[in-house]
2 protein chains.
Amino acid sequence: MAKLDVRNLGEYIRQQRNSAQISLRQLAKSAGVSNPYLSQIERGLRKPSAEILQQIAKALRISAEALYVQAGILDERYGDSDVPSAVMGDEALTERQKQVLLEIYESFRRENDESPAEPATPAETGSRARAARAAREPRKTSTTG
Amino acid sequence: MAKLDVRNLGEYIRQQRNSAQISLRQLAKSAGVSNPYLSQIERGLRKPSAEILQQIAKALRISAEALYVQAGILDERYGDSDVPSAVMGDEALTERQKQVLLEIYESFRRENDESPAEPATPAETGSRARAARAAREPRKTSTTG
DNA sequence: GCTGAGTGCTTGCAATAGTTAGCAATGGCG
DNA sequence: CGCCATTGCTAACTATTGCAAGCACTCAGC
């Protein structure tokens with residue numbers, strides 16, 4: 001359990017608490033956790049569960065996802081875009097389709113990090129049709145897994 | 001800790017495992033968790049931490065977030081129509097990339113409307129790699145899984 | 001028949017999460 | 001000054017997670 005680095009989490013929580021100008025005990029009470037435990041969390045002595053993080057986030061009026069990111073439960077990609085969350089939450093997609101979409105999304109973002117300009121080229125038009133077809137056809141492939 | 005409803009999580013993991021056609025021991029081994037514990041998780045007797053969920057998800061080749069949703073760590077509040085708006089609102093993507101993503105997304109959904117909730121098969125793993133490659137290198141024409 | 005490999009589960013236990021009771025320090029007020 | 005309220009933390013404890021050792025069962029091969 002100590003494998004995850006939670007030092008940032010505690011500092012982050014204390015920081016948010018100080019910004020909100022509430023005491024440790026007040027936050028613990030409104031979060032529904034014991035104040036010694038919150039103290040331990042802030043000092044990095046404990047690694048709280050996601051449920052505790054939810055409670056703390058709610059009491060701090062911040063998103064639980066922000067604390068998950070700090071705790072290493074969620075990747076930082078959830079901090080700055082709604083696309084991954086929306087894709088993951090879409091029940092009309094299979095898990096594999098979600099993975100495919102997210103990987104395409106991330107490769108797009110990597111592209112744009114390297115060349116931020118956004119010229120539309122005919123090559124990209126072709127990639128559009130090709131990507132759609134490729135995603136549809138592999139179902140017919142024989143399984144060797 | 002027992003406040004979160006984790007019955008769906010265990011069924012979901014077993015379902016994904018069966019779809020992947022691997023035994024409980026095989027999954028436990030590749031996930032790096034003990035097989036009795038995985039058995040307990042699948043039967044809903046234990047509520048695993050996010051770190052364990054990460055390990056299981058990785059071994060199942062699905063996203064950790066999918067398991068977080070099942071475990072109640074992430075909300076399903078993202079809804080089933082958040083993807084288009086999230087994609088369109090993502091400023092890190094070009095307009096063309098947004099179109100590509102949305103068209104793939106919509107073709108996925110059409111697929112699932114015709115044959116709903118097909119369980120993930122190892123064949124779809126190949127589709128993931130192929131679709132990602134096609135999107136990244138649109139000038140290549142050869143697509144052999 | 002037996003043996004070996006694989007299967008999922010039982011049981012007991014160690015480690016860690018999270019709580020309770022209480023301490024020491026600080027600040028405000030009479 | 002003393003008293004009270006608030007503060008964050010300590011130490012002991014309880015509850016739960018996650019693991020190791022092993023069981024009972026199935027199946028295939030001899």
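Chain naming here is simple, since letters A, B, ... match the order of the sequence lines and numbering starts at 1 in each.
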Inset, instruction - With the side chain of A:P36 defined as its heavy atoms from C-beta on, choose the nearest nucleotide among C:dC9, C:dA17, C:dT20. - result: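 Taking heavy atoms from C-beta onward, the closest nucleotide is C:dT20.
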
Inset, instruction - I would like to know whether B:L27 and B:V33 meet side-chain contact (heavy atoms from CB on, under 4.5 Å); could you show each step before the answer? - result: CA-CA 9 Å; B:L27 176 59; B:V33 306; over 6 Å; no

Legend entry - Rounded distance (Å) that lies between atom C1' of C:dA17 and atom CG of A:L45: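 About 13 Å, once rounded to whole Å.
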
Legend entry - Whole angstrom value for the distance that separates C1' of C:dA17 from NZ of A:K47: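 The answer, rounded to whole Å, is 10 Å.
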
Legend entry - Below 4.0 Å: OP1/OP2 of C:dA17 and any side-chain N or O of B:S49: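 Checking B:S49 against C:dA17: no side-chain N or O falls below 4.0 Å of OP1 or OP2.
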
Legend entry - Between P of C:dT16 and CD1 of A:I52, the distance in whole Å: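 Interatomic distance, CD1 of A:I52 to P of C:dT16: 18 Å.
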
Legend entry - Side chain of A:V33 (C-beta onward), nearest among D:dG18, C:dT19, C:dA17: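 The listed nucleotide nearest to A:V33's side chain is C:dT19.
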
Legend entry - Side-chain heavy-atom pair A:V87, A:Y105 within 4.5 angstrom cut-off: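 Not touching, per the 4.5 Å side-chain cut-off.
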
Inset, instruction - Calculate the interatomic distance between A:L24 atom CG and C:dT26 atom P; express it in whole Å. - result: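 My rounded result for the distance is 17 Å.
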
Inset, instruction - Indicate whether OP1 or OP2 belonging to D:dA20 is found under 4.0 Å from a side-chain N or O atom of B:S34. - result: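 Answer no for this pair, as no side-chain N or O of B:S34 is under 4.0 Å from OP1 or OP2.
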
Inset, instruction - In sequence, state the C-alpha distance, the side-chain angles, and the governing distance for B:I62 and A:R96, and then conclude on side-chain contact (heavy atoms from CB on, under 4.5 Å). - result: CA-CA 7 Å; B:I62 62 177; A:R96 289 292 191 276; 3.2 Å; yes

Legend entry - Between C1' of D:dT10 and CD1 of A:I41, the distance in whole Å: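 It works out to 16 Å between those atoms.
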
Legend entry - Euclidean distance, atom CD of residue B:E42 to atom C1' of C:dT7 [Å, nearest integer]: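 Atom-to-atom, B:E42 to C:dT7, this comes out as 12 Å.
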
Inset, instruction - For A:I56 and C:dT19, give me the distance from atom CD1 to atom P, rounded to whole Å. - result: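 My rounded result for the distance is 10 Å.
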
Legend entry - A:R43 side-chain N/O to D:dT10 phosphate OP1/OP2 under 4.0 Å: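 Yes, such a contact exists.
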
Legend entry - A:N35 or A:A50, whichever maps to the more 5' nucleotide of DNA chain C: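 Its nearest nucleotide being more 5', the pick is A:A50.
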
Inset, instruction - Could you grab the distance from atom CG of A:L93 to atom NZ of A:K98, nearest 0.5 Å is fine? - result: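 Reported to 0.5 Å precision, the distance equals 6.5 Å.
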
Legend entry - Gap between atoms CZ and C1', on A:R46 and D:dC13 respectively (whole Å):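 Those two atoms, CZ and C1', are 12 Å apart.
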
Inset, instruction - When you get a sec, tell me which of C:dT11, C:dC9, C:dG18 is the closest nucleotide to the side chain of A:P48? - result: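 For A:P48, the side-chain atoms sit closest to C:dG18.
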
Inset, instruction - Check whether any side-chain N or O of B:Q26 sits under 4.0 Å from OP1 or OP2 of C:dG6, and answer yes or no. - result: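 No.
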
Legend entry - DNA chain C: 5'-proximal contact among A:Y37 and B:R17 (nearest heavy atom):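 Result of the comparison: B:R17.
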
Legend entry - Side chains of A:Q99 and B:S63 in contact at under 4.5 Å (non-hydrogen atoms):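 Heavy-atom side-chain distance check passes, below 4.5 Å.
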
